[in-house]
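Heads up: numbering here begins at 1 and tracks the sequence.
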Amino acid sequence: MKTESVQKAYEIAKERYAALGVNADKALEHLQNISLSLHCWQADDVTGFENLKNQGGGGIQATGNYPGKARNIEELRSDIENVLTHIGGNHRLNLHAIYGDFGGKVVDRNEVAPEHFASWMQWAKEKNMKLDFNSSSFGHSKSGDLTLANPDKGIRDFWIEHTKRCRLISEAMGKFQNDPCIMNLWIHDGSKDITVNRYLYRQILEKSLDDIFSIDYKNMKDCIESKLFGLALESYTVGSHDFYLGYGVKNDKMVTLDTGHFHLSESVADKISSLLLFTKEIMLHVSRPVRWDSDHVTTLNDETIDLAKEIVRCNALDRVHIGLDYFDASINRIGAYVIGIRATQKAFLQGLLEPIVQLREYEAKGQYFERLALLEEEKSLPWNAVWDYFCLKNDVPVGEDYIKAIQKYEQEVTSKRK
């Protein structure tokens, strides 16, 4: 009966959208082809699988102690596989360098190599997923306040070597999967209090990046991620948005926009059209910054909807890569994944269902009352009926049905992890 009601509701919604010049079937086709890059670190609170005794330092932290986090590669893969049963479409998996298959051996960051991720490549192939990658400069005894921007040549060279190796790993992944692996470079470098050497550290970072990017690869793409400030590094961030924007445009590198890395009053959606004019592609990290970079689970809020709509309005789905980046350890981690993924998909569906032709006609004629009226009315159009049909077509839970399924997985699997 539920299947029939979902189908009937979709037919009614389809007619409603058609009256506004919107093809709901086409919108579903586009949504089906949007691949989100799922972040592996939600499953284990950004712990990774290293065996280093010298781990320490800062740069990143998950909060909460909900039981059942993944403790090894097998459990993390099991969790990701379960997540995939609750979401429609074909997606990617984004790995950090600390998630290598090290086989119990001690492998320092400047020693990571493609063989440490060979099993990940094979697993992803079996699951019909592509891989993306990240260098990991946090949580290490050599992290400190400065890594790639460190005046200490020994420390700086350590992280340069690590990042070069991460690019090589990304190249191997891209070649194996016959699809470019996107490697994100983010560092926490900064200063807790006032610095009088802003220029120096940015000059050093620029030289480090030039060294890192000196080798061109064919099967991977580089992106560089800025931040407003970091915990315990509140007064100054070397890799600011201005720095990476300038470096990216100058050196033809993709700029990463993390929705949690800007002032809360800034609109990340507003940055999309500007970057598209001057860079070939954009990488997104979507999260929910309740209090700046708190990395709460993505929800269907105004900011996420605005971001998705702007990308669709710019006709840039083929130029904007969408990744997720939140890590909530206070709730069921599988549930956190699914809520955020589905919310992001819903936001893009709303963008794809927008009566943009009529809206732009109103705007071109200076009919601003009509434009605002239609923007308001579209909020209550039956997009949710289209979403339910998308889930039905993909054979994943419709509506709130995924809650019980995740509860079952917790009861049978994650609750038994001590």
Please table the atom pairs, donor to acceptor, closer than 3.5 Å between any side-chain atom in residues 383-399 and protein atoms at least two apart or in another chain.
| residue | atom | partner | partner atom | Å |
| --- | --- | --- | --- | --- |
| N394 | OD1 | Q32 | NE2 | 2.8 |
| N394 | OD1 | G89 | N | 3.2 |
| N394 | ND2 | Q32 | OE1 | 3.0 |
| N394 | ND2 | F390 | O | 2.8 |

Practice problem: Show your reasoning for whether side chain to side chain contact (heavy atoms under 4.5 Å, CB included) applies to L76 and F49. | Solution: CA-CA 10 Å; L76 190 144; F49 307 123; 3.8 Å; yes
Quiz item: Between F213 and K253, is there a cation-pi geometry (under 6.0 Å to ring centre, at most 45° from the normal)?
Solution: yes
Self-check item: Ring-face cation of K271 near F262 (centre distance under 6.0 Å, axis angle within 45°)
Solution: yes
Quiz prompt | Pair D44-R333, salt bridge (charged side-chain N to carboxylate O under 4.0 Å, His left out): steps then yes or no | solution = CA-CA 8 Å; D44 79 326; R333 292 171 183 80; over 6 Å; no
Quiz item: Are a donor atom and an acceptor atom from the side chains of N90 and S35 found within less than 3.5 Å of each other?
Solution: no
Quiz item: Do we see a donor-acceptor contact under 3.5 Å between the side chains of Y217 and D222?
Solution: no
Quiz prompt | salt bridge (charged side-chain N to carboxylate O under 4.0 Å, His left out) between R77 and E74, intermediate numbers included | solution = CA-CA 5 Å; R77 289 174 181 167; E74 290 73 23; 5.4 Å; no
Is there a donor-acceptor contact under 3.5 Å from the side chain of [X] to the main chain of [Y]?
| X | Y | value |
| --- | --- | --- |
| E310 | S273 | no |
| R319 | K280 | yes |
| N134 | L95 | yes |

Quiz item: Under 6.0 Å between ring centres, would you say that holds for H140 and W159?
Solution: yes
Quiz item: Between SG of C223 and CE of M254, what distance do you get to the nearest 0.5 Å?
Solution: 5.5 Å
Practice problem: Determine the sole option in D189, D210, I187 for which the side-chain contact (heavy atoms from CB on, under 4.5 Å) test with L205 is passed. | Solution: I187
Exercise. Step by step, work out the ring-ring contact (aromatic ring centres under 6.0 Å, His included) result for Y326 and H285.
Key: CA-CA 9 Å; Y326 53 82; H285 280 182; over 10 Å; no
